[in-house]
2 protein chains.
Amino acid sequence: MIKGDTKTAILDAAQELIQRRGANAMSYQDISEAIGIRKASIHHHFPTKDALLDALIQRYTAYFLGLVDSVVKSKKDPADQLLAYASLFEATLSEGKQDKACLCGMLGAELSSLGSPAAAGVKRFYRENEARLVRILEEGKVRGQFHFKGDAKLVAAMIFSLLEGGALVARAEGGHKRLHAMAEQTLKLLLK
Amino acid sequence: MIKGDTKTAILDAAQELIQRRGANAMSYQDISEAIGIRKASIHHHFPTKDALLDALIQRYTAYFLGLVDSVVKSKKDPADQLLAYASLFEATLSEGKQDKACLCGMLGAELSSLGSPAAAGVKRFYRENEARLVRILEEGKVRGQFHFKGDAKLVAAMIFSLLEGGALVARAEGGHKRLHAMAEQTLKLLLK
DNA sequence: GTCTATAGCGCGATAGAC
DNA sequence: GTCTATCGCGCTATAGAC
């Protein structure tokens with residue numbers, strides 16, 4: 001709280017705008033209007049848009065993986081862990097003024113127009129998330145609770161894609177409730 | 001070939017650009033350079049970008065659903081139909097200069113910056129695809145081949161989101177081969 | 001139907017005062 | 001650290017000649 005508060009406000013505004021509309025539809029002017037600061041001041045904190053995106057992805061990844069780890073730690077049951085993991089995507093969707101998808105899901109669509117540090121950050125987000133899903137799935141299999149055939153890595157990739165894609169598709173119809181129903185349905189396929 | 005060839009060339013170029021980079025990163029100038037025509041000429045065929053997007057979505061939807069229907073008709077086995085359906089997404093991903101996702105998957109991320117006819121078109125694409133998946137899934141269940149618990153509509157939504165999301169995520173890592181592996185893994189979950 | 005030319009705007013980014 | 005002012009560019013879109 002001593003310093004850097006403006007930086008945080010900029011990142012918060014940028015994140016919300018991107019989650020709602022995408023990076024290419026978000027401008028310094030939009031951020032400026034959202035938090036009541038001039039464009040030039042934003043450039044002082046983040047010289048270029050690429051730098052802003054990069055910082056945003058780093059912060060989001062750390063924050064989101066932190067949520068994942070704490071939510072996974074708080075449950076013993078892999079099935080509960082999986083639903084809790086999915087609920088992070090659902091919560092984003094229903095947060096605030098709504099229609100917010102995962103930041104890195106949005107950026108995935110815009111990957112080829114991103115700077116290379118930003119693009120690398122998005123890929124890392126995907127990898128880290130899938131790695132955590134693998135752990136949940138393998139634990140569930142060891143316990144004799146999940147009964148899927150095949151590679152846990154592929155099931156993890158499947159579930160991750162389904163949640164990222166589901167967040168985007170559910171914005172068009174059904175919203176967070178529909179995403180939740182999809183997550184529960186997916187769990188049913190794993191349990192038997 | 002008698003007429004309207006320019007219109008088709010414009011739509012082809014626009015589609016490729018959007019599938020690769022997104023609608024907000026695609027400009028009349030890009031199309032102009034791709035097909036060797038002036039920007040003003042594009043405006044003659046499609047007065048506004050919204051009109052171009054709308055026409056593009058209509059054409060894509062008709063084309064894609066046509067592929068779906070013919071591919072479904074050509075297979076008897078629901079499991080084969082499902083893999084064939086998924087292969088449409090895989091084929092897009094590996095086509096041409098690569099890294100092309102589903103047009104409406106890309107536009108789903110940019111939904112809130114689309115004009116309302118375009119947005120409605122994207123939603124319709126989602127609905128029509130899920131409806132076709134429901135039919136495949138129900139047929140598979142009736143035949144005693146698919147063994148999923150729960151609502152076929154939810155499983156359809158799940159699979160559709162997984163393919164749309166998977167196309168986006170697989171562009172970051174693994175490409176069409178990874179998407180194919182995910183589709184096969186999904187089928188395994190349904191078969192038993 | 002395609003062209004040249006240009007209007008009018010919003011963008012990312014920079015210079016320099018305070 | 002924030003501001004005013006502005007640059008230069010690319011965008012969508014339009015007017016009008018050919």
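Predicted model, so just to flag it, every value in this text is computed and none were measured. Labels below follow one simple rule: chain letters A, B, ... track the order of the sequence lines, proteins then strands, and each chain is numbered from 1.
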For residues 32-41 of chain B, run the donor-acceptor check on the side chains, cut-off 3.5 Å, and write out each pair with its distance to 0.1 Å, sequence neighbours left out.
| unit_1 | atom_1 | unit_2 | atom_2 | d |
| --- | --- | --- | --- | --- |
| Ser32(B) | OG | Ile37(B) | O | 2.6 |
| Glu33(B) | OE2 | Gln29(B) | NE2 | 2.9 |

**Any residue of residues 21-30 of chain A with a heavy atom less than 4.0 Å from an atom of DNA chain C** = Met26(A), Ser27(A), Tyr28(A), Gln29(A)

Extract all donor-acceptor atom pairs below 3.5 Å that involve side chains of residues 87-95 of chain A and protein atoms in other chains or at least two apart in sequence.
| unit_1 | atom_1 | unit_2 | atom_2 | d |
| --- | --- | --- | --- | --- |
| Ser87(A) | OG | Ala84(A) | O | 2.6 |
| Glu90(A) | OE1 | His180(A) | ND1 | 2.9 |
| Glu90(A) | OE2 | His180(A) | ND1 | 3.1 |
| Thr92(A) | OG1 | Leu88(A) | O | 3.0 |
| Ser94(A) | OG | Glu90(A) | O | 3.4 |
| Ser94(A) | OG | Ala91(A) | O | 3.3 |
| Glu95(A) | OE1 | Lys100(A) | NZ | 2.9 |

**Message:** Could you tell me how far apart Glu33(A) (CD) and dC11(C) (P) are, to the nearest whole angstrom?
**Reply:** 8 Å

Atom pairs and distances, donor-acceptor, side-chain atoms in residues 182-190 of chain B, under 3.5 Å, two or more places apart:
| unit_1 | atom_1 | unit_2 | atom_2 | d |
| --- | --- | --- | --- | --- |
| Gln185(B) | OE1 | Asp151(A) | N | 3.4 |
| Gln185(B) | NE2 | Lys149(A) | O | 2.7 |
| Thr186(B) | OG1 | Met182(B) | O | 2.8 |

**Request:** Find the distance Arg38(B):CZ to dC11(D):P and express it as a whole number of Å.
**Result:** 14 Å

**Message:** Tell me every residue that passes ring pair (Phe, Tyr, Trp, His ring centres under 6.0 Å) with Phe160(B), counting only those two or more places apart in sequence or in another chain.
**Reply:** Tyr126(B)

**Request:** Determine which pairs satisfy side-chain hydrogen bond (donor to acceptor under 3.5 Å, both in side chains) with at least one residue from residues 167-179 of chain B, sequence neighbours left out, and list them in order.
**Result:** Glu130(A)-Arg178(B)

**Asked** Would the Tyr28(A) and Phe46(A) ring centres measure less than 6.0 Å apart?
**Response** no

**Message:** Please give me every residue in residues 40-53 of chain B whose heavy atoms get under 4.0 Å of an atom in DNA chain D, ordered by residue number.
**Reply:** Ala40(B), His43(B), Pro47(B), Thr48(B), Lys49(B)

**Request:** Ignoring the backbone of Lys39(B), work out which of dA13(D), dC11(C), dT2(D) is nearest its side chain.
**Result:** dA13(D)

**Request:** Please identify each residue that fulfils side-chain contact (heavy atoms from CB on, under 4.5 Å) with Asp69(A), with sequence neighbours left out.
**Result:** Arg132(A)

**Item:** Rounded distance (Å) that lies between atom P of dA13(D) and atom CD1 of Ile31(B)
**Value:** 11 Å

**Item:** Residues which pass side-chain hydrogen bond (donor to acceptor under 3.5 Å, both in side chains) with Arg143(A), listed by chain and number, not counting sequence neighbours
**Value:** Glu139(A)

